[in-house]
Protein chains: 2
Amino acid sequence: MDTAVAISPVARSGWTPVPNPQFRRAPASVVPLAFPHPGRCGMPGFGSVQATMVERAGATHINVRKGAALFRAGERSTALYAIRLGSFKTQVVTDDGHEQVSGYHMTGDVIGSDGIGGSAHDCEAVALEDAEVYVLPFERIEALAREDIGFQRSLHRVLAGEIARERGVMVMLGTMRAEQRLASFLIDLARRYHERGYSGSEFVLRMTREEIGSHLGLTLETVSRLFSRFRDSGLIDVRGRVVKLLDRAALKRIILAG
Amino acid sequence: MDTAVAISPVARSGWTPVPNPQFRRAPASVVPLAFPHPGRCGMPGFGSVQATMVERAGATHINVRKGAALFRAGERSTALYAIRLGSFKTQVVTDDGHEQVSGYHMTGDVIGSDGIGGSAHDCEAVALEDAEVYVLPFERIEALAREDIGFQRSLHRVLAGEIARERGVMVMLGTMRAEQRLASFLIDLARRYHERGYSGSEFVLRMTREEIGSHLGLTLETVSRLFSRFRDSGLIDVRGRVVKLLDRAALKRIILAG
DNA sequence: CGAAAACTTGAAAATTCTCAAGGCGGGTGG
DNA sequence: CCACCCGCCTTGAGAATTTTCAAGTTTTCG
């Protein structure tokens with residue numbers, strides 16, 4: 001389970017390799033509330049489904065440096081990846097070169113499901129901070145799913161979950177205005193941190209305003225203005241990437257009512 | 001394969017049952033270019049993956065009337081459905097009662113994949129015209145996937161395809177302006193009709209302006225105005241729901257350049 | 001410490017929505 | 001057969017939202 005593997009995603013992004021230690025730690029945040037250390041129980045944030053998959057698939061793991069791609073669009077995919085530590089963005093690169101962030105993923109999330117069945121990846125996954133992921137090769141996963149009905153069920157639930165997640169983003173983009181989008185983004189992040197045992201009211205964003213905007217279908221300026229507006233209304237406290245939710249009820253009301 | 005089954009989705013929508021014949025035909029369109037008759041080869045528009053699944057899963061089939069729901073959000077799901085004839089919209093109903101069309105599906109498409117793995121459906125499928133679907137019960141599908149590596153592969157490809165399709169909608173909503181959205185909608189429809197052996201340049205829309213708008217994240221008025229603008233620019237010919245694409249190259253240019 | 005990246009804020013422009021009014025078309029009942 | 005009705009569509013004008021462009025500030029990182 002802890003067999004670090006020879007694959008080096010570092011090479012893919014032209015990063016200078018670091019001599020001995022596993023990899024450089026991301027600089028300590030002023031307020032290291034979110035994405036902290038590996039977690040006491042060894043597998044922080046893993047839902048039962050993902051935990052089962054990691055355990056049963058006899059996963060190796062690899063390190064991915066901040067800014068490096070775990071996989072790229074067009075690559076033939078060979079595995080699912082369960083995030084053990086760190087966080088990623090997945091993004092689609094459109095024909096005209098534009099990028100759209102399709103999701104943010106943190107400890108315990110499974111990414112790469114778009115490549116199952118032998119198709120190529122149609123998005124790329126980039127680490128937002130130094131990260132470690134379990135590698136679950138499709139061959140192994142598909143073999144297990146054939147042998148074990150429970151594992152098959154888990155796999156299908158992961159895939160259905162990804163479909164549902166994307167559908168949620170679709171509804172956000174299709175029906176909400178800017179304020180609602182940012183509010184729902186913040187509430188979603190809070191929920192996910194909370195689920196992982198971290199503070200759901202105070203966290204550090206791992207992405208830029210531009211990346212947030214890309215995910216929400218807004219420009220970086222609009223995102224920045226909204227953060228300011230929420231701060232001025234007393235809904236949140238924001239200092240750069242450090243966010244504190246002060247009035248979650250009000251944020252939820254914004255999501256519903258506009 | 002042709003065992004019509006006793007399930008009556010009619011009951012779900014309060015339609016008056018029709019005595020003997022299978023079901024009432026949708027009124028003949030003035031120009032019946034799209035969604036015509038079952039098709040000479042017996043399985044029009046079915047890609048190899050879907051065809052394999054239908055053949056191997058020993059599918060029964062059921063009829064769904066125009067306006068009736070094949071499944072609803074929240075229902076525990078029990079099967080995948082392969083459309084044999086007709087077309088559907090899938091839509092998400094949000095907490096505040098709003099509806100967002102998440103996709104349009106025609107002959108040969110497989111719908112209901114969000115419910116695989118035992119989760120409940122998080123969207124509903126409504127027939128846009130009288131339709132027939134093959135029913136592929138999850139139990140049967142999952143059993144086959146365990147027995148047959150090729151079938152498993154097909155299943156995974158269908159699921160990955162749904163993830164990719166939704167991601168495409170996400171990018172459309174997140175990065176395109178109204179003109180680009182409608183252009184890409186029309187080009188997409190044209191491609192899909194063409195793939196099924198129908199005219200890719202002349203077809204009848206099965207949905208209202210409001211439904212198109214809901215799918216594209218626009219109001220019905222904006223959709224209507226865009227149709228008019230495209231007509232005035234000589235890109236298309238529109239008469240209500242009958243659409244003829246006159247300059248597809250220009251439409252594609254709009255998608256790319258705005 | 002200095003350069004580059006990220007962020008904030010303002011003002012004007014562009015896009016899209018909302019509200020409102022009217023037209024078209026097909027199906028139904030008189 | 002005709003008139004009416006209802007759902008759907010079109011179009012306009014003004015309002016609201018969001019983007020664009022621009023300038024300046026803060027933060028990050030080597």
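Chain naming here is simple, since letters A, B, ... match the order of the sequence lines and numbering starts at 1 in each.
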Legend entry - Test item: side-chain donor near acceptor, Gln100(A) and Gln91(A), under 3.5 Å: no

Given atom [atom1] of [X] and atom [atom2] of [N], what is their separation to the nearest angstrom?
X: Arg181(B); N: dT16(C); atom1: CZ; atom2: C1'; answer: 10 Å
X: Glu210(A); N: dT8(C); atom1: CD; atom2: P; answer: 13 Å
X: Arg206(A); N: dT28(D); atom1: CZ; atom2: P; answer: 11 Å
X: Arg177(A); N: dA15(D); atom1: CZ; atom2: C1'; answer: 11 Å
X: Arg239(A); N: dT25(D); atom1: CZ; atom2: P; answer: 18 Å
X: Glu179(B); N: dT15(C); atom1: CD; atom2: P; answer: 9 Å
X: Met176(B); N: dT18(D); atom1: CE; atom2: C1'; answer: 19 Å
X: Glu211(A); N: dC7(C); atom1: CD; atom2: C1'; answer: 14 Å

Inset, instruction - Mind jotting down which residue pairs meet the salt bridge (charged side-chain N to carboxylate O under 4.0 Å, His left out) criterion with at least one end in residues 208-217 of chain A? Sequence neighbours excluded, please. - result: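 Every pair satisfying salt bridge (charged side-chain N to carboxylate O under 4.0 Å, His left out) with a residue in residues 208-217 of chain A: Lys89(A)-Glu211(A).
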
Legend entry - Of all pairs that satisfy salt bridge (charged side-chain N to carboxylate O under 4.0 Å, His left out), the ones with a partner from residues 220-239 of chain A, not counting sequence neighbours: Glu179(A)-Arg229(A)

[Y] and [X], any side-chain heavy atoms less than 4.5 Å apart:
X: Phe88(A); Y: Leu70(A); result: yes
X: Arg248(A); Y: Ile187(A); result: yes
X: His98(B); Y: Met176(A); result: no
X: Val169(B); Y: Ser102(B); result: no

Inset, instruction - Evaluate the ring planes of His121(A) and Phe71(A), with Trp represented by its six-membered ring, and classify them as parallel (under 30°), tilted (30 to 60°) or perpendicular (over 60°). - result: parallel

Legend entry - Difference in axis direction between the ends of the helix from dC1(C)-dG30(D) to dG30(C)-dC1(D), five pairs, 10°: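 Answer for the end axes of this duplex: 40°.
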
Legend entry - Atom of Gly217(B), atom of Leu173(B) and distance for their closest heavy-atom approach: N-CD2, 3.9 Å

Inset, instruction - Kindly write out the residues that satisfy side chain to side chain contact (heavy atoms under 4.5 Å, CB included) with Ser224(B), not counting sequence neighbours, or none if the list is empty. - result: none

Inset, instruction - Go through residues 222-235 of chain B and report each residue with a non-hydrogen atom lying under 4.0 Å from DNA chain D, sorted by number. - result: Ser224(B), Arg225(B), Ser228(B)

Legend entry - Nearest to side-chain heavy atoms of Thr219(A), which nucleotide of dT19(D), dT10(D), dC17(C):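 Closest of the options to the side chain of Thr219(A): dT19(D).
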
Inset, instruction - Among Lys66(B), His105(B), Glu129(B), find the one that has a side chain to side chain donor-acceptor pair (under 3.5 Å) with Ser87(B). - result: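 Only match with Ser87(B) under side chain to side chain donor-acceptor pair (under 3.5 Å): Glu129(B).
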
Write out a two-atom table: protein N or O, nucleotide N or O from nucleotides 20-22 of chain C, distance below 3.5 Å.
none

Inset, instruction - With heavy atoms under 4.0 Å as the rule, sort Leu220(B) into base, sugar-phosphate or nothing. - result: base

Inset, instruction - Select base, sugar-phosphate, or nothing to describe what Gly213(B) touches, counting heavy atoms under 4.0 Å on all strands. - result: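 Touches nothing.
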
Inset, instruction - Verify the contact: side-chain N or O of Arg241(B) to OP1 or OP2 of dC9(D), cut-off strictly under 4.0 Å; return yes or no. - result: yes

Inset, instruction - Kindly say if Lys66(A) contacts the phosphate of dC29(D), meaning a side-chain N or O under 4.0 Å from OP1 or OP2. - result: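 For Lys66(A), the contact criterion (side-chain N or O under 4.0 Å from OP1 or OP2 of dC29(D)) is met.
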
Inset, instruction - Would you check if the side chain of Ser199(B) reaches a backbone N or O of Ser201(B) as a donor-acceptor pair within less than 3.5 Å? - result: yes

